[in-house]
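Take a look at the structure below.
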Protein chains: 2
Amino acid sequence: MLKTNIEPVIDRILHVAIEVFAEYGFRDTTVREICNRANVNVASVNYYFRSKEGLYTQALAFAFHEANQLYPQDSILNKTLAPEKRLSLFIDNFLHKLMDDSHLGLHSKLITREIADPTNALNGIIATAIAPQIALLKEIIQPLLGTITDETIAHRCLLSILGQCLMFKHSRSIIDHLYPELIADDLAIKNCAEHITQFSIIALTQIAHQPKKTS
Amino acid sequence: MLKTNIEPVIDRILHVAIEVFAEYGFRDTTVREICNRANVNVASVNYYFRSKEGLYTQALAFAFHEANQLYPQDSILNKTLAPEKRLSLFIDNFLHKLMDDSHLGLHSKLITREIADPTNALNGIIATAIAPQIALLKEIIQPLLGTITDETIAHRCLLSILGQCLMFKHSRSIIDHLYPELIADDLAIKNCAEHITQFSIIALTQIAHQPKKTS
DNA sequence: ACTTGTATTAAACAATTGTTTGAAATTATA
DNA sequence: TATAATTTCAAACAATTGTTTAATACAAGT
């Protein structure tokens with residue numbers, strides 16, 4: 001019998017699962033669709049992963065593992081760089097990861113799906129993938145906020161930056177409809193990243209110098 | 001026979017449908033769940049709305065109708081107000097609409113669901129509910145951007161503002177987990193709206209005075 | 001070669017779901 | 001009131017889906 005793929009069955013299922021779950025979400029995904037694409041029998045999912053939910057959990061973990069390998073953030077972690085530069089790198093890296101239409105986009109699609117419509121895998125995702133990123137961003141913007149020590153203000157600034165980036169993922173359909181030129185190609189996306197960086201640095205430094213009344 | 005509700009069957013179904021579709025999304029919603037909550041027979045959905053999808057479409061339209069009645073934007077439309085004030089009103093109105101946990105939250109949940117995971121009802125939603133809002137916001141920030149006429153820059157600023165607001169809707173689960181105090185009560189939300197307003201006005205005016213190189 | 005443990009498969013199962021049906025109940029109309 | 005139209009209902013239908021089963025194929029170890 002002809003094997004269309006020499007990759008082990010488990011790996012094939014996992015890869016395809018990431019693809020399909022990202023595309024359709026957990027509920028809209030059928031194990032038969034996964035198995036067809038992976039060229040394996042329907043029973044394989046239950047044989048190797050106990051259940052559809054088991055596969056989903058493992059697919060998420062697998063996606064994180066891959067993403068961390070493929071998208072290192074070494075330069076961002078370099079604390080000797082100016083905070084403005086680090087923020088610029090962070091946003092550019094984040095935005096490109098979000099907009100990647102090929103492989104990495106699936107990973108972020110899986111995450112944003114979980115965020116917008118949580119299953120019971122959410123807690124794990126927050127701890128594993130999200131909290132560290134947010135902690136990093138917080139560390140980056142801390143010096144930009146200067147003397148401001150109010151945690152609440154810092155957290156709202158965090159959300160301002162993340163929201164500007166995530167807009168391009170979760171509201172992609174809107175942008176495609178109304179302003180497709182903003183994300184037409186890699187350069188356009190880079191310009192968006194620069195915009196978000198500029199927008200945020202201006203606001204952060206200004207807030208640092210004239211804090212409004214405490215909340 | 002005891003009628004638990006004097007509201008006409010059609011209206012009961014529509015109201016409940018908004019509720020359930022917002023909570024579970026189109027696919028995860030069963031017509032039986034809707035009919036149980038509305039205390040009507042399962043066949044009623046097909047009798048009155050042809051199909052589940054027909055009900056979904058009409059529920060969306062109905063939700064828009066309601067929302068427009070309940071959340072008027074009169075003051076925002078007042079062009080004699082200072083643009084800063086109008087932007088402040090817009091953001092406050094928008095954020096409260098998004099965070100409303102009772103009735104209006106369902107309406108925005110329905111929309112953000114469609115945005116994040118479009119069905120073929122999306123086109124209609126964009127034209128009916130989204131584009132007008134974006135046009136209004138664009139009109140508001142135009143004077144803040146002063147001499148800048150580059151549409152691209154204006155559009156990116158639009159997305160920056162919207163992204164900051166929408167963050168609280170689509171990433172609600174994250175905020176609940178990590179920074180619940182930011183959205184603990186109405187006052188906290190109001191402070192978030194003020195933050196977004198401040199953050200955005202600072203950036204907009206600064207960008208207006210020192211535009212970066214054209215994209 | 002034989003045995004044992006693992007993989008793979010087609011088929012069936014049980015539950016769910018959107019939809020249809022045809023009769024009964026209700027309301028409107030003449 | 002009698003007739004017609006509409007609404008409501010329980011039941012059934014057909015398709016889909018996650019999961020299980022039991023037989024078969026394969027591989028490894030002795």
Side-chain angles (χ1 to χ4, degrees), chain A residues 1-62 110 113-114 117-121, chain B residues 1-62 110 113-114 117-121:
Chain A
M1 164 182 265
L2 178 119
K3 281 285 171 209
T4 57
N5 217 319
I6 50 166
E7 202 183 4
V9 173
I10 284 199
D11 294 354
R12 258 187 295 161
I13 294 179
L14 276 174
H15 275 126
V16 170
I18 292 174
E19 211 175 285
V20 185
F21 279 134
E23 195 173 343
Y24 298 115
F26 179 75
R27 188 45 156 42
D28 282 7
T29 293
T30 69
V31 315
R32 278 173 176 82
E33 171 70 14
I34 293 176
C35 293
N36 283 342
R37 290 204 204 179
N39 267 87
V40 301
N41 188 272
V42 215
S44 305
V45 162
N46 297 88
Y47 182 73
Y48 285 110
F49 301 95
R50 188 180 49 86
S51 68
K52 181 188 177 186
E53 201 178 343
L55 170 59
Y56 182 69
T57 306
Q58 291 216 32
L60 278 173
F62 195 67
L110 269 184
R113 258 191 199 288
E114 264 293 321
D117 214 353
T119 72
N120 35 18
Chain B
M1 164 184 262
L2 177 118
K3 281 284 170 209
T4 56
N5 217 318
I6 51 166
E7 202 182 4
V9 174
I10 285 198
D11 294 354
R12 257 187 295 160
I13 294 180
L14 276 175
H15 276 125
V16 171
I18 292 175
E19 212 176 284
V20 184
F21 280 134
E23 193 173 345
Y24 299 115
F26 179 75
R27 188 43 156 45
D28 282 8
T29 292
T30 72
V31 315
R32 279 174 175 82
E33 171 71 15
I34 293 176
C35 293
N36 283 342
R37 290 203 203 179
N39 267 85
V40 300
N41 187 271
V42 215
S44 306
V45 163
N46 297 88
Y47 182 74
Y48 285 109
F49 301 96
R50 188 180 52 85
S51 67
K52 180 188 177 184
E53 201 178 343
L55 171 59
Y56 182 69
T57 307
Q58 291 216 35
L60 278 173
F62 195 68
L110 267 184
R113 258 191 198 288
E114 263 294 319
D117 214 352
T119 72
N120 35 19

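Chain letters run A, B, ... following the sequence lines, proteins first, then strands; residues in each count from 1. All figures in this text were calculated on a predicted structure; none of them were measured in a lab.
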Residue [X], side-chain heavy atoms: nucleotide from [options] that is nearest:
X     : options               : answer
A:V31 : D:dG18, D:dT8, C:dT19 : D:dG18
A:R27 : C:dT17, C:dT9, D:dT19 : C:dT17
A:N46 : C:dT20, C:dT9, D:dT19 : D:dT19
A:A43 : D:dT19, C:dT9, C:dT20 : C:dT9
B:T30 : C:dT17, D:dT19, C:dT8 : C:dT17
B:R32 : D:dG18, D:dT7, C:dT19 : C:dT19

Once you round it to whole Å, what is the distance between [atom2] of [N] and [atom1] of [X]?
X     : N      : atom1 : atom2 : answer
A:N36 : D:dT16 : CG    : P     : 13 Å
B:F49 : C:dG18 : CZ    : C1'   : 16 Å
A:D28 : C:dT16 : CG    : C1'   : 15 Å
A:K52 : D:dT17 : NZ    : C1'   : 8 Å
B:Y24 : C:dT17 : OH    : C1'   : 16 Å

| B:N41 to B:C35 - nearest heavy-atom pair and separation |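 Scanning both residues completely, I find the closest heavy atoms to be O-SG, 3.5 Å.
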
| message | To the closest 0.5 Å, what do you measure between CZ (A:F49) and CD1 (A:I34)? | response |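 If we round to the nearest 0.5 Å, A:F49:CZ and A:I34:CD1 are 9.5 Å apart.
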
| message | Looking at B:F26, is its backbone amide N or carbonyl O close enough to the side chain of B:K52 to form a donor-acceptor pair, meaning the two atoms are under 3.5 Å apart? | response |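 Answer holds: yes.
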
| task | Output yes when a side-chain donor or acceptor of A:R113 lies under 3.5 Å from a complementary backbone atom of A:E23, and no otherwise. | result |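 Answer holds: yes.
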
| said: Side-chain N or O of B:N41 versus OP1/OP2 of D:dT8: is the shortest distance under 4.0 Å? | reply: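 For D:dT8, OP1/OP2 do not have a side-chain N/O of B:N41 under 4.0 Å.
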
| request: May I ask you to evaluate whether B:Y47 reaches the phosphate of C:dT20, defined as a side-chain N or O under 4.0 Å from OP1 or OP2? | output: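 No.
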
